[in-house]
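Order of appearance sets the numbers: ligands from 1, and atoms from 1 within every ligand.
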Amino acid sequence: MEKTFIMVKPDGVQRGLVGEVIKRFEAKGFKMRGLKLIQVSEELAGQHYAEHKERPFFPGLIAYITSAPVVAMCFEGKNVVAEARKMLGATNPADAAPGTIRGDFGQDIGRNIIHGSDSVESAETELAVYFDKAEILEYDYLPSKWLFE
Ligand code: DAT
Ligand code: MG
């Protein structure tokens, strides 16, 4: 079963949207495998967003992500990487459809509330950046017969 990395960014934490985000992933049936509140260091933020290093918005992105605590999460489920991206909505909240997290709660691309991995490969990389192996828990959850035929 696929896993993805989801992070409520500092603005989402400050605005009290952590519960709202978790509620949506829980209700969808995705299994929480990891969860923690952390202060992201410059080094960690640089590892996470290495692909954007040369972009003009990179310094602002690092300053934002390191400005206050974030909630890092791992969710597991069928096609969860792509499904979570749909739940997040477009990168720019101005383009994100109503019903998506960014569409419902955001206005500005630089304060878009939440991160979600964009591929199975980046999910693996990002989970390794943010979590120790022992922090990703395996346990019995909702019996799968209630989710899958
Ligand atoms: P996503 O977070 O949807 O995967 P991304 O990987 O392209 O989007 O960019 C990472 C973050 O960087 C994004 O959530 C917000 C910020 N960002 C992206 N493009 C930006 C831009 N043109 N101006 C300001 N911030 C931007
Ligand atoms: Mg991205």
For atom 17 (N) of ligand 1, what is the closest protein heavy atom, and at what distance to 0.1 Å? F57 CE1, 3.5 Å

Look at ligand 1 and say whether K9 reaches it with a heavy atom at a distance under 4.0 Å. yes

Would K3 pass as a cation-pi partner of F30, given that its NZ or CZ must be under 6.0 Å from the six-membered ring centre and within 45 degrees of the axis? no

Cation-aromatic face contact R111/Y64, 6.0 Å, 45 degrees: yes

When you look for heavy atoms under 4.0 Å from ligand 1, do you find them on the side chain of H52, its backbone, both, or neither? side chain

Touching ligand 1 at all, L61? Heavy atoms, strictly under 4.0 Å? yes

Before accepting this row, confirm whether a basic side-chain N of the pair K31/E138 lies closer than 4.0 Å to the acidic partner's carboxylate O. yes

Is ligand 1 less than 4.0 angstrom away from at least one heavy atom of R102? yes

Answer yes or no: does an N/O atom from N112 fall short of 3.5 Å to an N/O atom of ligand 1? yes

Would you indicate whether E135, at its atom CD, is surrounded by more than 12 heavy atoms from other residues, nucleotides or ligands within a distance under 6.0 Å? yes

With a 4.5 Å limit on heavy-atom distance, are the side chains of V71 and M7 in contact? no

Charged tip of K36 within 45° of F131 ring normal and under 6.0 Å: yes

Between S117 and E126, do the side chains contain a donor N or O and an acceptor N or O under 3.5 Å apart? yes

Any idea which part of T91 is under 4.0 Å from ligand 1, heavy-atom wise: side chain, backbone, both or neither? both

Just to confirm my output: which protein heavy-atom neighbour is closest to atom 4 (O) of ligand 1, and how far is it? R85 NH1, 2.8 Å

Look only at interatomic distance and state if Y49 has a nitrogen or oxygen under 3.5 Å from any nitrogen or oxygen of ligand 1. no

Heavy atoms, side chains only, cut-off 4.5 Å: are P10 and I65 in contact? yes

With a heavy-atom distance limit of 4.0 Å, tell me whether H48 approaches ligand 1 through its side chain, its backbone, both, or neither. neither

Protein contact to atom 15 (C) of ligand 1 [nearest heavy atom, distance to 0.1 Å]: I109 O, 3.5 Å

